[in-house]
Amino acid sequence: MGMDLDSSVVECPLPEEMGSIGAARAIASQVMDAWRYRGSREDVLLAVSELVTNALVHGAGGPVLRIAGG
């Protein structure tokens, strides 16, 4: 997966499957590492898990994980 971690926005389309929750958490973790995030990592990962889960359960089509900051 080719992500531009030097950008202030990372966007990754995810498959429409429950395995995307773990993939989204892994992507968020990589982004936090690259951006040297110093906040509560577990809070971010929990929010990512909940949002991707909601997108899969209640949305239509594959979700897109978009992280802005940096």
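Numbers for residues simply follow the sequence, beginning at 1.
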Quiz item: Say you draw a straight line from OG of Ser29 to CD of Glu42; how long is it, rounded to the nearest 0.5 Å?
Solution: 9.0 Å
Exercise. State the CD1-CG distance between Ile21 and Asn54, to the nearest 0.5 angstrom.
Key: 9.5 Å
Quiz item: Would you say Val64 and Val48 are hydrophobically clustered, going by side-chain heavy atoms of ILVMFWY under 4.5 Å?
Solution: no
Quiz item: Within the distance-only criterion (no hydrogens, no angle test), does the side chain of Ser20 pair as donor or acceptor with the backbone N or O of Glu16 below 3.5 angstrom?
Solution: no
Quiz item: What's the verdict on side-chain contact (heavy atoms from CB on, under 4.5 Å) for Leu14 and Ile27, showing C-alpha distance, side-chain angles and the deciding distance?
Solution: CA-CA 11 Å; Leu14 300 168; Ile27 293 165; 4.1 Å; yes
Self-check item: Separation between CD1 of Ile67 and CE of Met32, rounded to the nearest 0.5 Å
Solution: 7.5 Å
Quiz item: Should Met18 and Leu46 be regarded as members of a common hydrophobic cluster, given that ILVMFWY residues are connected when their side-chain heavy atoms come within less than 4.5 Å of each other, either directly or indirectly?
Solution: no
Quiz prompt | Spacing of CG belonging to Leu56 relative to CG belonging to Leu51, to within rounding of 0.5 Å | solution = 11.0 Å
Quiz item: Can you name the nearest heavy-atom pair linking Val10 to Trp35, along with the distance?
Solution: CG2-CZ2, 3.9 Å
Quiz prompt | Distance-minimising heavy-atom pair for Leu65 and Ala24 | solution = CD2-O, 3.7 Å
Exercise. Check side chain to side chain donor-acceptor pair (under 3.5 Å) between Arg66 and all other residues, then give those that pass, not counting sequence neighbours.
Key: Glu11
Self-check item: Any side-chain heavy-atom pair of Arg41 and Asp33 under 4.5 Å
Solution: yes
